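First up is the structure itself, then whatever we jot down about it.
Being a predicted model, the structure only gives us computed values, none of them experimental. One-based numbering, in listed order, for ligands and for the atoms of each. Residue numbers start at 1 and run along the sequence shown.
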Amino acid sequence: MHFEFTEEQIAVRDAAREFTQTELLPGVIERDTEAKFPHEQIKKMGELGFMGMMVDPKYNGGGMDTISYVLAMEEISKIDASASVSMSVNNSLVCWGLEKYGTEEQKQKYLTRLASGEILGAFCLSEPEAGSDATSQKTSAELKGDHYVLNGTKNWITNGSSASVYLVIAQTDATKGHKGISVFIIEKGWEGFVIGKKEDKLGIRGSDTHSLMFSDVKVPVAKRIGEEGFGFTFAMETLNGGRIGIAAQALGIASGAYELALAYSKERKAFGKPISQHQAIQFKLADMATQIEAARMLVLKAAWLKDQGQDYSLASAMAKLYASEVAMQVTVEAVQVHGGYGYVKEYHVERLMRDAKITQIYEGTSEIQKIVISRSILR
Ligand code: CAA
């Protein structure tokens with residue numbers, strides 16, 4: 001076992017760290033307060049290669065490994081989880097699926113621009129009545145000659161209005177259950193495709209989460225990814241990797257809050273000494289550091305398995321489950337260490353606490369991860 005990073009991985013992590021200080025930290029509180037999407041920052045992340053990190057360079061990607069990706073995700077999430085969710089969705093839910101299962105034509109047309117960060121992608125699985133129960137898709141795609149006719153509504157879509165390309169999961173044969181589900185590429189602006197309301201959220205307020213409506217949208221057969229009926233497997237396989245990204249995001253939120261609490265504890269004095277010299281605070285810091293380290297090991301293990309070409313579905317579910325629980329616990333404690341200051345925006349930890357909550361919900365709730373884990377260990 002090797003617990004060291006390569007020089008390349010360290011360079012990626014350091015570049016991400018520097019970027020967060022110069023480009024993401026300024027204005028992060030305002031973007032959260034005003035629910036403002038970080039357009040400029042995401043554009044720069046594309047220029048630096050963060051939007052298609054693992055994609056083959058022949059499609060404009062960075063050709064990096066998953067370890068580098070999670071290191072960058074952790075750094076960016078320490079400062080701005082709204083930016084990192086866009087990055088995660090673009091990298092692991094959109095680029096990955098297109099690269100693995102798209103046709104050459106689809107890759108040339110879409111992947112090359114998504115991987116370079118020129119455009120953003122969205123992954124559209126959830127519906128008003130199909131969140132955890134993802135097989136209950138109501139969105140339908142009916143084959144009519146050389147095209148499908150798409151109808152339905154998608155909910156809680158990350159990059160909802162800022163994306164240009166949408167991977168949409170839809171039912172093509174309702175009699176076949178999950179084997180009757182397919183996946184299509186839809187472009188913004190196609191007739192009948194309407195971007196619905198933006199959600200007013202508790203956390204990751206800088207990210208644009210929308211509902212999407214499809215009304216008799218004509219989708220050429222050539223925009224289907226894989227065979228008809230492949231859509232559910234596509235979604236599940238894509239989410240196996242997506243969960244590594246969200247686990248890394250949760251890890252970043254936790255470590256960001258911990259670093260702030262640690263620094264604050266050395267500055268803030270109470271009862272004649274820095275609060276870091278009180279055991280009540282020391283024990284909190286010890287618990288936080290230990291939980292974060294354990295979460296980091298799970299995240300890196302899942303990334304490593306993926307890089308080795310081994311099955312990572314169990315590891316990614318464990319990493320996401322644990323890292324998101326740690327993110328919630330650590331951010332709550334970081335607010336507590338800050339006392340009254342922790343409850344105001346200026347000190348960042350209240351935002352991180354609000355941001356942490358979503359990591360227990362999207363890309364499969366903690367309860368769904370437990371289903372994935374228990375099915376795997378009982379198989
Ligand atoms: N990897 C690969 N294949 C999988 C899989 C996995 N993790 N989980 C299930 N499958 C396959 C099964 O093997 C099965 O295939 P076969 O019939 O060919 O054997 C098929 O999928 C159906 O599986 P199940 O019978 O287990 O289906 P189920 O109805 O019991 O549901 C579930 C399984 C795990 C609960 C699934 O519905 C699920 O993961 N739900 C959560 C959905 C989710 O994560 N949504 C997140 C939305 S995306 C998002 O949040 C993005 C964003 O914008 C941030």
Side-chain angles (χ1 to χ4, degrees), residues 73 77 81-97 100-101 120-137 139 154-163 165-169 171 176-183 198-199 201 203-204 206-212 226-227 229-250 302 305-306 310-321 324 355 357-379:
M73 273 297 296
S77 306
S82 295
S84 75
V85 69
S86 277
M87 172 179 161
S88 180
V89 166
N90 202 70
N91 273 279
S92 32
L93 295 188
V94 181
C95 287
W96 184 85
K100 179 131 174 120
Y101 293 111
L120 266 182
F123 179 81
C124 314
L125 174 67
S126 301
E127 298 187 352
E129 291 171 63
S132 290
D133 184 9
T135 52
S136 296
Q137 295 285 309
T139 298
K154 293 289 173 182
N155 256 24
W156 308 297
I157 304 303
T158 302
N159 298 338
S161 66
S162 53
V165 173
Y166 299 76
L167 304 189
V168 179
I169 319 292
Q171 191 70 252
K176 292 189 181 156
H178 72 268
K179 291 194 191 309
I181 290 172
S182 305
V183 54
K198 181 176 171 179
E199 302 294 349
K201 307 189 296 288
I204 54 161
S207 80
D208 61 331
T209 312
H210 286 257
S211 53
L212 306 175
E227 294 300 312
F230 176 63
F232 194 72
T233 304
F234 176 88
M236 291 298 110
E237 284 194 16
T238 305
L239 282 164
N240 285 338
R243 288 166 185 162
I244 300 178
I246 298 305
Q249 180 188 47
L305 284 171
K306 183 163 173 283
Q310 296 187 40
D311 188 344
Y312 53 92
S313 54
L314 171 64
S316 71
M318 285 180 168
K320 184 186 179 280
L321 171 67
S324 62
D355 288 349
K357 186 60 204 169
I358 193 60
T359 65
Q360 295 177 310
I361 298 172
Y362 58 21
E363 300 205 20
T365 60
S366 292
E367 292 73 16
I368 289 295
Q369 305 314 321
K370 288 181 191 177
I371 290 178
V372 174
I373 295 164
S374 55
R375 281 185 185 172
S376 175
I377 58 184
L378 291 167
R379 194 178 292 144

task = Under 4.0 Å from a heavy atom of Phe232: give me the atoms of ligand 1 that qualify, with their elements.
result = 20 (C), 21 (O), 22 (C), 37 (O)
key: Contacting atoms of ligand 1, where contact means under 4.0 angstrom from a heavy atom of Ser126   = 47 (C)
query = Does ligand 1 have a heavy atom under 4.0 Å from the side chain of Ile157, from its backbone, from both, or from neither?
reply = neither
message = My understanding is that we take every heavy atom of each candidate and find the minimum distance to atom 10 (N) of ligand 1. Doing that for Glu237, Glu127, Met236, which one comes out nearest?
response = Met236
Asn155 and Ser126: side chain donor to acceptor below 3.5 Å = no
request  = Determine, counting only non-hydrogen atoms of the protein, whether one lies under 4.0 angstrom from atom 32 (C) of ligand 1.
outcome  = no
Those atoms of ligand 1 less than 4.0 Å from some heavy atom in Ser132 = 37 (O), 38 (C), 40 (N), 41 (C)
query = Would you say Tyr362 and Val89 make side-chain contact, with heavy atoms under 4.5 Å?
reply = no
Thr135 contact mode with ligand 1 (heavy-atom cut-off under 4.0 Å) = side chain
query = Taking the minimum heavy-atom distance to atom 45 (N) of ligand 1, which of Asp133, Ile361, Leu125 ranks first?
reply = Leu125
query = What part of Glu367, side chain from CB on, backbone N/CA/C/O, both or neither, has a heavy atom under 4.0 Å from ligand 1?
reply = neither
message = For a 4.5 angstrom cut-off between non-hydrogen side-chain atoms, does Val183 reach Tyr101?
response = no
ask   = For ligand 1, which atoms, with element, lie under 4.0 Å from some heavy atom of Leu239?
value = 43 (C), 44 (O), 48 (S)
request  = Can you sort out which atoms of ligand 1 are near Lys179, meaning under 4.0 Å from one of its heavy atoms?
outcome  = 16 (P), 17 (O), 18 (O)
remark   = protein heavy-atom neighbour closest to atom 1 (N) of ligand 1 works out as Asn240 ND2, 2.9 Å
ask   = To which protein heavy atom is atom 26 (O) of ligand 1 closest, and what is the distance rounded to 0.1 Å?
value = Arg375 NH1, 2.4 Å
message = Measuring only between side-chain heavy atoms, which start at C-beta, is Gln171 closer than 4.5 Å to Ile181?
response = yes
Residues Ser161 and Asp208: side-chain donor-acceptor under 3.5 angstrom = yes
message = Is the ring pair His178/Phe232 parallel, tilted or perpendicular, if the boundaries are 30 and 60 degrees?
response = tilted
request  = Flag Thr158 as yes when one of its N or O atoms lies below 3.5 Å from any N or O atom of ligand 1, and as no otherwise.
outcome  = yes
query = Looking only at heavy atoms of Leu93, does any of them come nearer than 4.0 Å to an atom of ligand 1?
reply = yes
inquiry  = For atom 17 (O) of ligand 1, what's the nearest protein heavy-atom neighbour? Residue, atom name and distance, please.
reply    = His178 NE2, 2.7 Å
key: Student check: side-chain heavy atoms of Ile373 and Leu314 closer than 4.5 Å   = yes
query = Are any of the protein's heavy atoms under 4.0 angstrom from atom 13 (O) of ligand 1, yes or no?
reply = no
request  = For residues Gln249 and Ile246, determine if any side-chain heavy atom of one lies less than 4.5 Å from a side-chain heavy atom of the other.
outcome  = yes
inquiry  = Under 4.0 Å from a heavy atom of Ala134: which atoms of ligand 1 are those, numbered in the order shown and with their elements?
reply    = 37 (O), 42 (C)
message = Could you check whether any heavy atom of Gly131 sits closer than 4.0 Å to an atom of ligand 1, since that is the contact criterion I want to use?
response = yes
remark   = Closest heavy-atom pair, Asn159 versus Gly121, reported as atoms and distance to 0.1 Å, is ND2-O, 2.9 Å
task = Looking only at protein heavy atoms, identify the closest one to atom 34 (C) of ligand 1 and say how far it is in Å.
result = Val372 CG2, 4.1 Å
note = protein heavy-atom neighbour closest to atom 35 (C) of ligand 1 works out as Ile368 CD1, 3.8 Å
task = Compare every heavy atom of Gln137 with every heavy atom of Leu125, then report the nearest pair and how far apart it is.
result = O-NE2, 3.1 Å
query = Would a 4.0 Å cut-off, counted as strictly less than, catch a protein heavy atom around atom 21 (O) of ligand 1?
reply = yes
query = Is Leu321 close to Met318 at the side-chain level, that is, under 4.5 Å between some pair of heavy atoms?
reply = no
message = Just by distance, no angles: are the side chains of Thr135 and Asp133 close enough, under 3.5 Å, to form a donor-acceptor pair?
response = yes
request  = Find out whether Ser136 and Glu127 are in side-chain contact, i.e. whether some heavy atom of one side chain is under 4.5 Å from a heavy atom of the other.
outcome  = no
query = Do any N/O atoms on Glu363 end up under 3.5 angstrom from N/O atoms on ligand 1?
reply = yes
ask   = Under a 4.5 Å cut-off applied to non-hydrogen side-chain atoms, are Lys320 and Leu239 in contact?
value = no
inquiry  = Within ligand 1, which atoms have a heavy atom of Tyr362 less than 4.0 Å away?
reply    = 50 (O), 54 (C)
